[in-house]
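Report on the structure given below.
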Amino acid sequence: MFQAVCFDFDYTLADCTDSIVAGFVHGLTGLGWPAPSREAVRKTVGFLLEDAYSMLTGDLDPERRARFRALFSEVALERQRKETVFFPGAPELLHKLHGEGCQVAIVSTKRGDTIEIILERLGAADAVDLVIGSADVKRHKPDPEGLLAAMDRLGVQPKDTLFCGDTVLDAGAAKNAGTHFAAVLNGTTPGEAFDRFHPDHISPDLWDLARWLGM
């Protein structure tokens, strides 16, 4: 159906909730804020870390936002690399797409090197052609910079590209880049939130997405 399929990472392909929550607790309490609830943190997954900090605290100070990232990374970075698991159907889908000759990319606000380490550990590195992470762009989703960079490097056009993600940030990036979009409901965003973006498909899980793609 497509020459390239791009994926968001957290809550689209993979789950690293425990390590992310631990990082938020360490980062926020280290800056004098109360420890956040697990659900409050889950609702920020997909946003840039600095923006997630501001969403939870209302604090826009650049130095404290940067300090939060540093504190978060002290606890969460290695745990994410060691503890992240795929959602059911993720490795099968990635390998099937790649085996059918479709180019596969990940476009995420997560660190690209962390994603690459996770993919290697979980045995899926050979099924992903390209990873675009937070350090690879200056403007983050819903800005289309990451998707546009991925398509440029893969040599594909928006009309031949599908982006799959779990948040309206992902849907907005797809719209702004001119690609097709499929919502994957592995995160906290309900299906109806995507209606205004007119997605090509809404998948309750990755098995459904694979069926829709003819895998």
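F68 has its side chain within reach of L28: a pair of non-hydrogen atoms, C-beta onward, lies under 4.5 Å apart. Side-chain atoms of T161 and C6, non-hydrogen and from C-beta on, do get closer than 4.5 Å to each other. Using a 4.5 Å cut-off on side-chain heavy atoms (C-beta onward), L206 and P88 make no contact. Counting heavy atoms from C-beta on, the side chains of C16 and E83 never come closer than 4.5 Å. Side-chain contact check for E78 versus K82: some heavy-atom pair is nearer than 4.5 Å. Side-chain contact between E100 and M215 is present, with at least one heavy-atom pair separated by less than 4.5 Å. Contact check for T188 versus V45: no side-chain heavy atoms found under the 4.5 Å cut-off.
Rounded to the nearest 0.5 angstrom, D59 CG and L31 CG are separated by 8.0 Å. Here Q103 contributes atom CD and Q3 contributes atom CD; the two are 8.0 Å apart, rounded to the nearest 0.5 Å. In this structure, L209 CG and I202 CD1 are separated by 12.0 Å, a value rounded to the nearest 0.5 Å. Here the straight-line distance linking atom SG of C102 with atom NZ of K96 works out to 14.0 Å at 0.5 Å rounding. Atoms CD and CG, from Q80 and D10 in turn, are 6.5 Å apart once rounded to the nearest 0.5 Å. Note that CD of E39 and CZ of R42 are 4.5 Å apart. Values are rounded to the nearest 0.5 Å.
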Pair F2-L97, side chain to side chain contact (heavy atoms under 4.5 Å, CB included): steps then yes or no: CA-CA 10 Å; F2 303 100; L97 284 168; over 6 Å; no
Under the criterion side chain to side chain contact (heavy atoms under 4.5 Å, CB included), I'd like the reasoning laid out for I106 against I132: C-alpha separation, chi angles, the key distance, then a yes or no. CA-CA 6 Å; I106 292 173; I132 300 288; over 6 Å; no
Could you give me the CA-CA distance, side-chain angles and deciding distance for H201 and D208, then say whether side chain to side chain donor-acceptor pair (under 3.5 Å) is met? CA-CA 10 Å; H201 188 67; D208 177 84; 2.7 Å; yes
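Taking a 6.0 Å sphere around CD of E74, one finds it holds more than 12 heavy atoms contributed by other residues, nucleotides or ligands.
Comment: R79 does not engage D18 in a salt bridge, judged by the lack of any side-chain N to carboxylate O separation of less than 4.0 angstrom. Taking the charged nitrogens against the carboxylate oxygens, E145 and K138 have no contact shorter than 4.0 Å, which rules out a salt bridge. We find that K110 and D8 are not joined by a salt bridge, their nearest charged nitrogen and carboxylate oxygen being 4.0 Å or further apart.
A chain of hydrophobic side-chain contacts below 4.5 Å, direct or via other Ile, Leu, Val, Met, Phe, Trp or Tyr residues, connects V131 to L13. Hydrophobic clustering keeps F47 apart from Y53 (ILVMFWY residues linked when any side-chain heavy atoms are closer than 4.5 Å, directly or through intermediates). Under the 4.5 Å side-chain heavy-atom criterion for grouping Ile, Leu, Val, Met, Phe, Trp and Tyr, L77 is not connected to I117 through any hydrophobic cluster. A single hydrophobic cluster is not seen to contain both L93 and F163; linkage of ILVMFWY side chains at heavy-atom distances under 4.5 Å, directly or through other members, places them apart. Residues V168 and F7 fall into different hydrophobic clusters, defined by Ile, Leu, Val, Met, Phe, Trp and Tyr side chains chained together at heavy-atom separations under 4.5 Å.
Y11 and T167 are not linked by any side-chain donor-acceptor pair at a separation below 3.5 angstrom, with hydrogens and angles left out of the test. Counted by atom type alone, D126 and H95 present one or more donor-acceptor pairs between their side chains at under 3.5 Å. With hydrogens and angles left out, the side-chain atoms of R65 and S54 include a donor and acceptor closer than 3.5 Å.
In this structure, D160 contributes its side chain and V156 its backbone to no donor-acceptor pair below 3.5 Å. Side-chain N or O atoms of D170 include one that pairs as donor or acceptor with a backbone N or O of D166 at under 3.5 Å. No side-chain donor-acceptor contact under 3.5 Å links S108 to the backbone of G133. Side-chain atoms of R121 never come within 3.5 Å of backbone atoms of E116 as a donor-acceptor pair (strictly under, hydrogens ignored).
The shortest non-hydrogen separation linking P144 to A173 is CB-O, 4.0 Å. Contact between G146 and V107 at its shortest, heavy atoms only, is C-CG1, 3.8 Å. In this structure, F86 and P91 approach most closely via the heavy-atom pair CD1-CD, 3.7 Å. Scanning both residues, V41 and P36, for their nearest heavy atoms gives CG2-CG, 3.6 Å. The shortest non-hydrogen separation linking I118 to R81 is CG1-CA, 3.9 Å. Minimum interatomic distance between L169 and G46 (heavy atoms only, all atoms of both residues): CD1-O, 3.7 Å.
Screening T114, T109, I115 against F9 for a side chain to side chain contact (heavy atoms under 4.5 Å, CB included) leaves a single residue, I115. Screening R67, R69, R64 for a side chain to side chain donor-acceptor pair (under 3.5 Å) involving E50 leaves a single residue, R69.
In this structure, F24 and F72 have perpendicular ring planes: the angle between them is above 60°, well past the 30° mark.
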Would you list the atom pairs, donor with acceptor, under 3.5 Å between side chains in residues 177-186 and any protein atom, with sequence neighbours excluded?
from: H180; atom 1: ND1; to: D200; atom 2: OD2; distance (Å): 2.9
from: H180; atom 1: NE2; to: K159; atom 2: O; distance (Å): 3.0
from: N186; atom 1: ND2; to: T12; atom 2: O; distance (Å): 3.0

